[in-house]
There are 2 protein chains.
Amino acid sequence: MSASLTPRQQQILDWIAERVRRQGAPPTRQEISAAFGFRSPNAAESHLRALAKKGVIELDSGRARGIRLSEPAGVSGDYLPLVGRVAAGSPILAAENVEEELGMNGQSFSPPAHYLLRVRGDSMIDAGILDGDLLAVHRTPEARQGQIVVARLGEEVTVKRFHRRGRKVQLRAANPAYTAIEVDLDQQELVIEGLGVGVLRRW
Amino acid sequence: MSASLTPRQQQILDWIAERVRRQGAPPTRQEISAAFGFRSPNAAESHLRALAKKGVIELDSGRARGIRLSEPAGVSGDYLPLVGRVAAGSPILAAENVEEELGMNGQSFSPPAHYLLRVRGDSMIDAGILDGDLLAVHRTPEARQGQIVVARLGEEVTVKRFHRRGRKVQLRAANPAYTAIEVDLDQQELVIEGLGVGVLRRW
DNA sequence: CGCGTTGCTGTATAAATAGACACCATGTCA
DNA sequence: TGACATGGTGTCTATTTATACAGCAACGCG
């Protein structure tokens, strides 16, 4: 997608990101030039154009300090990845599935959350999980009766309540409009990706 | 700590913080004026001076967009106070009401959350807010039709949907088993403590 | 070889921006 | 009563800033 940056370009991008993080506002052309010892603001201008062309920044024309970082860098620690739609066949935490990093500590949940998964549909509405809600997930392959799990059936990832009887598993929705999914462990592969440990909703 | 802001000042500070969060750069005086309908950039200028005087922002003189938030976005850091039962008559954020500090950034919500309030009862169940859920609250005295608000009526703090017709306000539950609370602003005092901006549930 | 990209210098200018000065109305505090 | 904060309108200007134009040198690609 975005062409790789030259070392110089990377250096400049890093500096800009650092500036935004520390000063709260992007630099001007002349500030960039001063920082790198350019004698002409146009050196900065052309670097910015190159960076914009490669898609790592966006320039708002005609605005003072109109530089925006395409991907806000600065993932330092207490962040949980937000997983949106899971691409068929890919591991849940593959980079392509991560939409955003949310500033919150997984330890706020017990057991701790490893990531947040956006829930689609109203199949868990009676458990107070609405369409678009973020399910806090603890990665573990173990589930007990009645727990809310993130399960992978073939290429599909779903959120349901887990019920097991011997070699048969029922994945039950929390909504009378849905019928339970029956899985025979000898016939189909079922992977428990994790356990729901909480819900986060943003309006 | 920081001197208390007037509602108008809080509103302007919130708007600036939101801008910084979303656009990556602080606004200019004319942008503030445009957003609030001021006809003169000087209205924004004097508000900024007032905010700087109270220590919630810092101004870099002679720089375009030289506004820095003293405490990023007016939110103290990476922790949100969890407010449980609110003692009668005390301010919501009084230390006696804070049960715990949760490791999450208020910026995960938009507008940013200032604290979490434990919701009691099932009066908001149809909005997906269950007994014991934590409501993320953005402090502001302003509410629009239908928004979920934290309101104080006399000594009681409640979470309801806000509806206003002239001097009469209805606080509606999201549960058919409850009847709406009618408030005549000329008879009773109603304080909007904040706006619900999200929900956090821990199992 | 010519062509495009990178990485600069140097100059110029229109537009964006901060911020001064003057002024007004309202409320509060002592 | 006067002083002071709040919340504005209106105008003007010095500075800051983005960005165009004209060049130059080095490099890799086909």
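Proteins come first, then strands; the chains are lettered A, B, ... in the order of their sequence lines, and each starts at number 1.
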I want to check one thing: is the phosphate of [N], taken as OP1 and OP2, less than 4.0 Å away from some side-chain N or O of [X]?
X: B:Q9; N: D:dG7; answer: yes
X: B:Q30; N: C:dA16; answer: no
X: B:H47; N: D:dT6; answer: no
X: B:K54; N: D:dA5; answer: no
X: A:R29; N: D:dT17; answer: no
X: A:R65; N: D:dT17; answer: yes

Provide, to the nearest angstrom, the distance between the [atom1] atom belonging to [X] and the [atom2] atom belonging to [N].
X: B:E31; N: C:dA18; atom1: CD; atom2: C1'; answer: 13 Å
X: A:R39; N: D:dC24; atom1: CZ; atom2: C1'; answer: 15 Å
X: B:K53; N: D:dT6; atom1: NZ; atom2: C1'; answer: 11 Å
X: B:Q10; N: D:dG7; atom1: CD; atom2: P; answer: 12 Å
X: A:L13; N: C:dG7; atom1: CG; atom2: P; answer: 13 Å
X: A:R63; N: C:dA18; atom1: CZ; atom2: C1'; answer: 16 Å
X: A:I32; N: D:dT19; atom1: CD1; atom2: P; answer: 12 Å
X: B:L48; N: C:dA18; atom1: CG; atom2: P; answer: 9 Å

Next on the checklist: Both B:F38 and B:A64 contact DNA chain D. Which one's nearest nucleotide lies toward the 5' end?
Outcome noted: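 Here B:F38 is the residue nearer the 5' end.
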Checklist entry - Is any side-chain N or O of A:S46 under 3.5 Å from a base N or O of C:dG7, one able to act as donor and the other as acceptor? => result no
Checklist entry - Could a donor-acceptor pair under 3.5 angstrom be found where the side chain of A:N42 meets the base of C:dG10? => result yes
Checklist entry - Within the structure shown, what part of the strands sits under 4.0 Å from B:S40 by heavy-atom distance: base, sugar-phosphate, or nothing? => result base
Next on the checklist: Over all strands shown, is A:A43 touching base, sugar-phosphate only, or nothing at heavy-atom distances under 4.0 angstrom?
Outcome noted: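 A:A43: base contact, heavy atoms under 4.0 Å.
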Checklist entry - Mapping A:I12 and B:E45 to their closest nucleotides on DNA chain C, which lands nearer the 5' end? => result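 Looking at DNA chain C, the more 5' nearest nucleotide goes with A:I12.
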Item to check | Greater than 12 external heavy atoms within 6.0 Å of B:R167's CZ | outcome: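 Yes, because the 6.0 Å sphere around CZ of B:R167 holds more than 12 heavy atoms from other groups.
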Checklist entry - Can you tell me if CD on B:E182 sees more than 12 non-hydrogen neighbours from other groups inside 6.0 Å? => result yes
Next on the checklist: Side chain of A:R49, heavy atoms from C-beta onward: which of D:dG8, D:dA18, D:dA20 has the nearest atom to it?
Outcome noted: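 Out of D:dG8, D:dA18, D:dA20, the nucleotide with an atom closest to A:R49's side chain is D:dA20.
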Checklist entry - Picking from C:dT11, C:dG7, D:dG7, which would you name as closest to the side chain of B:T6? => result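 For the B:T6 side chain, the nearest candidate turns out to be D:dG7.
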Checklist entry - Between B:H47 and B:F38, is the ring centre distance below 6.0 Å? => result yes
Next on the checklist: Tell me if a side-chain donor or acceptor on B:E31 pairs with a main-chain N or O of B:T28 at a distance below 3.5 Å.
Outcome noted: yes
Item to check | Value rounded to 0.5 Å, distance of CZ in B:F109 from NE2 in B:H114 | outcome: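 If I round to the nearest 0.5 Å, the distance is 12.5 Å.
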Next on the checklist: Let's go through B:D184 and B:Q188 carefully: what are the C-alpha distance in whole Å and the side-chain angles of both, what is the deciding distance for side-chain hydrogen bond (donor to acceptor under 3.5 Å, both in side chains) to 0.1 Å, and is it a yes or a no?
Outcome noted: CA-CA 6 Å; B:D184 184 328; B:Q188 279 179 84; over 6 Å; no
